2 protein chains.
Amino acid sequence: MADDRWTPPEVMLAVDLVILTLRRSLLHVLLIERGIEPYKGTLALPGGFLQHAEEDITAAAHRELAEEADMDVETLHLEHLGVYGAPGRDPRGRVVSVAFLAIAPRLPEPAAGTDAAAARWQRADQVLSGDLELAFDHRRIVEDGVENARAKLEHSALATAFCGPTFTITDLQRVYEAVWGISLDPRNFYRKVQKTSGFIVAAGPERKGTTGRPARLFRAGPQKALNPPMVRPVEPSIMKGSGQ
Amino acid sequence: MADDRWTPPEVMLAVDLVILTLRRSLLHVLLIERGIEPYKGTLALPGGFLQHAEEDITAAAHRELAEEADMDVETLHLEHLGVYGAPGRDPRGRVVSVAFLAIAPRLPEPAAGTDAAAARWQRADQVLSGDLELAFDHRRIVEDGVENARAKLEHSALATAFCGPTFTITDLQRVYEAVWGISLDPRNFYRKVQKTSGFIVAAGPERKGTTGRPARLFRAGPQKALNPPMVRPVEPSIMKGSGQ
DNA sequence: GTAATAGTGTCTATTAGACACTATAAT
DNA sequence: ATTATAGTGTCTAATAGACACTATTAC
């Protein structure tokens, strides 16, 4: 500690991406089948090491998003999620991974012919339940990412990131239902969303639905923080008659 | 990218601590006057490099807490805050810092005769306003830490971490007022806190106040997540008459 | 008594939650 | 007309916010 010549240990820095989207009204996460050891053949989050010593961490996340998922960062919500650096989590040595959460609107399957060829959308519930096995500590990272998204839906306009540039109120309701894993009353949802100032604003005239009455289109409003918040219904918890 | 022999760059990993407490009903943050270059003599967050290549990051945060702040980690709330790794943020090279947020009950000044000798509590508002200059990007980290604490007060029982093992409802109200920087109606606060199930539970009989009616004592309840949440009053925003 | 702090009750406006109908399109 | 989806209105119970008084101690 008083050693003049002591220098700090160095670690390898990686980024991992939890990319969430909605497909057929179900929450999905993008996973890649690893082509190299360790965990070759196992599903894992897209990600990788910093490319050079001067690369910015967020820039690395953007790069991986483009390389491994063939996605344009401009259209995506991307935010810091956490740091996963337990010794021994990677057999190659001390790897510290910075995880990011990305939210994508419904997209086609990742294009073949890129690094993303092995990428596939998988149902989030299958990952969370353990039906799908993931490499490293990536299941834990997905858990944290989903929980982060669930919480953010309450207080931010994150839900609009799951939709395209324009969307209907029903589209937005599907996002809340899929991420929270519950169903909501459309009448109360309409009322709440419309009176939450700055959340969504009218856009264009109407959408030519496949059938039924055409829906009005909206786009994301200027407000990133929702006030009042959208409230996640309390699940009838096990704590019955707890005090008071 | 297809180079077989490529190995990832390595970075130096540091931890930094934003330690918040209340002193005289004002939010304070623990800062240290740096004894070495760079930024020698400037105030900075307590923290430092990983000690060896196998040290766990959270363990390193605990160690710094003990070394630099002379605090027992058992009594403190400690959670991940963010990662700060912009190239060039540290003149010594590529340093990536994992920041932690710690909440401490009111404590005596850090003991002299330890690494913490140069540590001092400083008012958070003076840091946020820029009246106090901090080394590196530490002011930004403090901003993020305070904002994190403000948000967490709404939905978690974090406020109890600012108090000792037992506290009065008024003590708790002071925490909310100091961190949020507003004043609250004590009657409504009492009602809200008492009916938020699991937030606080009665403890011991009463406290011998210096003067006035003795207050009942409480301790932190079992519930970490508050439901319903404590709501931070909307500041009369500049957005007047913004749509409906 | 006075001063100082702790604690409670009430009234009102707003909101959340439950619930059923009307509207507009494709076929 | 039928089917399918979009959108609105009303009632009620719970809650937030404003506000004034009583309670218990030290002196």
Side-chain angles (χ1 to χ4, degrees), chain A residues 24-25 153-155 163 166-177 180 182-219 226-237 244, chain B residues 24-25 153-155 163 166-178 180 182-197 199-219 226-237 244:
Chain A
R24 303 187 322 279
S25 295
L153 283 197
E154 296 194 68
H155 307 283
C163 305
T166 63
F167 49 86
T168 69
I169 293 187
T170 303
D171 291 339
L172 199 61
Q173 185 180 340
R174 298 272 171 274
V175 173
Y176 278 89
E177 292 181 328
W180 283 350
I182 58 174
S183 65
L184 297 169
D185 183 296
R187 296 160 295 204
N188 294 337
F189 187 81
Y190 271 62
R191 176 162 43 101
K192 191 65 199 297
V193 163
Q194 305 242 43
K195 81 158 47 164
T196 300
S197 145
F199 189 4
I200 59 174
V201 297
E206 301 200 324
R207 185 177 66 177
K208 54 283 162 186
T210 60
T211 177
R213 174 174 174 175
R216 284 183 289 194
L217 287 172
F218 296 85
R219 91 182 72 238
L226 300 187
N227 209 304
M230 304 291 294
V231 280
R232 176 158 39 158
V234 192
E235 52 213 310
S237 88
Q244 207 346 6
Chain B
R24 303 184 325 278
S25 295
L153 283 198
E154 296 194 68
H155 306 282
C163 304
T166 63
F167 49 86
T168 70
I169 291 187
T170 302
D171 291 339
L172 200 60
Q173 184 180 341
R174 298 271 172 276
V175 173
Y176 277 90
E177 292 181 328
W180 283 350
I182 57 173
S183 65
L184 297 169
D185 183 297
R187 297 162 294 203
N188 294 338
F189 187 82
Y190 271 63
R191 176 162 44 99
K192 191 64 200 297
V193 163
Q194 305 243 42
K195 81 158 46 161
T196 300
S197 147
F199 189 5
I200 60 173
V201 297
E206 300 200 325
R207 185 177 66 176
K208 56 282 162 188
T210 59
T211 176
R213 174 175 173 175
R216 284 182 288 192
L217 288 174
F218 296 84
R219 92 181 72 238
L226 300 187
N227 210 302
M230 305 290 293
V231 280
R232 175 158 39 158
V234 192
E235 52 214 307
S237 86
Q244 214 326 18

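A note on names: the letters A, B, ... follow the listed sequences, proteins ahead of strands, and every chain is numbered from 1. All of these numbers come straight from a predicted model, not from anything done at the bench. Computed over heavy atoms, backbone and side chain alike; hydrogens, waters and symmetry mates excluded.
Smallest separation of non-hydrogen atoms from B:T196 and B:N227: CG2-N, 4.3 Å. Of all heavy-atom pairs between B:H155 and B:P229, the closest is ND1-CB, 3.4 Å. In terms of heavy-atom proximity, B:A203 sits nearest to B:R219 at CB-NH2, 3.3 Å.
Between A:T170 and the phosphate of D:dA6, there is a side-chain N or O to OP1/OP2 separation shorter than 4.0 Å. At C:dT8, one or more side-chain N or O atoms of B:Q194 fall inside 4.0 Å of OP1 or OP2 (strictly under the cut-off).
Protein atom CZ of A:F189 is 18 Å distant from nucleotide atom P of D:dT5, rounded to whole Å. The distance from atom CE of A:M230 to atom P of C:dG17 is 10 Å, rounded to the nearest whole Å. The interatomic distance linking A:L184 (CG) with D:dG7 (P) rounds to 17 Å, in whole Å. In this structure, CD1 of A:I200 is placed 13 Å from P of D:dA6, rounded to the nearest angstrom. One can place CG of B:L217 at 14 Å from P of D:dT25, the figure rounded to the nearest angstrom. Per the geometry, CG belonging to A:N188 stands 12 Å off C1' belonging to D:dT12, to the nearest Å. Between the P atom of D:dA6 and the CZ atom of A:F218 lies a distance of 12 Å, rounded to the nearest Å. As rounded to whole Å, 14 Å separates atom P of C:dA6 from atom CG of B:D185.
A:L184 contributes atom CG, which lies 7.5 Å from atom CE of A:M230 (distance to the nearest 0.5 angstrom). B:K192 NZ to B:I169 CD1: the interatomic distance, rounded to the nearest 0.5 Å, is 13.5 Å.
Partners of A:F189 by ring-ring contact (aromatic ring centres under 6.0 Å, His included), not counting sequence neighbours, listed by chain and number: A:Y176. For A:R216, the side-chain contact (heavy atoms from CB on, under 4.5 Å) partners two or more places apart in sequence, or in a different chain, are A:Q194, A:E206, A:F218. Listed by chain and residue number, A:T166, A:T168, A:R207 satisfy the side-chain contact (heavy atoms from CB on, under 4.5 Å) test with A:L217 (two or more places apart in sequence, or in another chain).
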All N/O contacts under 3.5 Å from nucleotides 21-24 of chain D to the protein, with atom names and distances to one decimal?
| from | atom 1 | to | atom 2 | distance (Å) |
| --- | --- | --- | --- | --- |
| D:dA23 | O4' | B:R213 | NH1 | 3.3 |
| D:dA23 | N3 | B:R213 | NH1 | 3.4 |
| D:dT24 | O2 | B:R213 | N | 3.3 |

Between the protein and nucleotides 14-16 of chain C, are there any N/O to N/O pairs under 3.5 Å, and if so, what are the atom names and distances?
| from | atom 1 | to | atom 2 | distance (Å) |
| --- | --- | --- | --- | --- |
| C:dA16 | OP1 | A:K192 | NZ | 3.3 |
| C:dA16 | N7 | A:R191 | NH1 | 3.1 |

Going through the checks in order, is the side-chain contact (heavy atoms from CB on, under 4.5 Å) test met by B:T170 and B:Y190?
CA-CA 8 Å; B:T170 302; B:Y190 271 63; 3.3 Å; yes

Could you walk me through whether B:R174 and B:F167 satisfy the side-chain contact (heavy atoms from CB on, under 4.5 Å) test, starting with their C-alpha distance in whole Å, then the side-chain angles of each, then the deciding distance to 0.1 Å, before giving a yes or no?
CA-CA 11 Å; B:R174 298 271 172 276; B:F167 49 86; over 6 Å; no

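Axis angle between the ends of the helix from C:dG1-D:dC27 to C:dT27-D:dA1, five pairs each and rounded to 10 degrees, works out to 0°.
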